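So the structure is just underneath, and the comments pick up after that.
Heavy atoms only: backbone and side chains are in, while hydrogens, waters and symmetry mates are out. The model shown is predicted, which means the values in this text are computed figures rather than measured ones. In this chain, residues are counted from 1 in sequence order.
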Amino acid sequence: MIHLKSMLNCIDNSGAAIVECALVVGQKKRHASIGDRIVAIVQKQRGASDAGMGAASAANKVKRGDIRHAIVVRTRKKVQRPDGSVVKFDDNACVLINKAGDPVGTRVNGVVGAELRRKGWSKILSMAQMHA
């Protein structure tokens with residue numbers, strides 16, 4: 001379950017490494033699960049070095065402090081599936097999206113939950129290397 005102020009790993013190549021949940025969008029409940037939309041604030045940028053702002057920062061689509069929408073793709077909390085099986089991941093992770101619902105990055109690294117298919121995020125599922 002992702003609450004306000006929860007920290008998540010960003011597993012796409014948008015340029016964000018760690019984001020913080022600021023709001024769960026469109027839910028009467030206060031927590032988000034796999035496949036839910038959240039508003040996230042970029043806390044740590046991927047590949048930003050102190051020495052120079054060269055090619056690594058030019059490839060980043062987002063920077064620290066940006067406020068973006070995101071989809072939760074993994075949670076530490078156990079999720080029960082309709083067939084009775086239970087799935088639990090090692091970390092909380094998300095993928096950044098724009099206002100139209102398209103992913104900001106072009107690749108998704110790591111495993112994503114298969115619950116994304118039921119919630120209508122098949123585009124993210126097809127970009128991922130593996131789904132569990």
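- Each of V112, V79, I2 was compared with I34 under the side-chain contact (heavy atoms from CB on, under 4.5 Å) criterion, and only V79 meets it.
- At distances below 3.5 Å, not a single donor-acceptor pair connects side-chain atoms of W121 with backbone N or O atoms of L116.
- With hydrogens and angles ignored, the 3.5 Å screen pairs a side-chain donor or acceptor of D83 with a backbone N or O of S85.
- When atom types are taken as modelled, the side chain of N13 and the backbone of R107 share a donor-acceptor pair closer than 3.5 angstrom.
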Margin query: Under the criterion side chain to side chain contact (heavy atoms under 4.5 Å, CB included), I'd like the reasoning laid out for V25 against I38: C-alpha separation, chi angles, the key distance, then a yes or no.
Written below: CA-CA 5 Å; V25 177; I38 62 170; 5.6 Å; no
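- Judged by distance alone, with hydrogens and angles left aside, the side-chain atoms of R76 form a donor-acceptor pair with the main-chain N or O of D90 at under 3.5 Å.
- For the pair R64 (side chain) and Q45 (backbone), a donor-acceptor distance under 3.5 Å is absent.
- For the pair R74 and D91, the salt-bridge criterion is met [side-chain N within less than 4.0 Å of a carboxylate O].
- Side-chain contact between K99 and H69 is present, with at least one heavy-atom pair separated by less than 4.5 Å.
- Follow the hydrophobic side-chain contacts under 4.5 Å out from I41 and you never reach V104; the two are in separate clusters.
- At least one donor-acceptor pair closer than 3.5 Å links the side chain of D12 to the backbone N or O of L96.
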Item checked: From CA spacing to verdict: side chain to side chain contact (heavy atoms under 4.5 Å, CB included), M7, Q43 -> CA-CA 9 Å; M7 302 297 271; Q43 293 294 320; 3.7 Å; yes
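- A pairwise comparison of heavy atoms in A70 and I97 identifies N-CG1, 4.1 Å as the closest pair.
- Heavy-atom neighbours of R81 CZ from other residues, nucleotides or ligands within 6.0 Å: above the threshold of 12.
- Proximity of a side-chain donor or acceptor of N60 to a complementary backbone N or O of R46 within less than 3.5 Å is detected.
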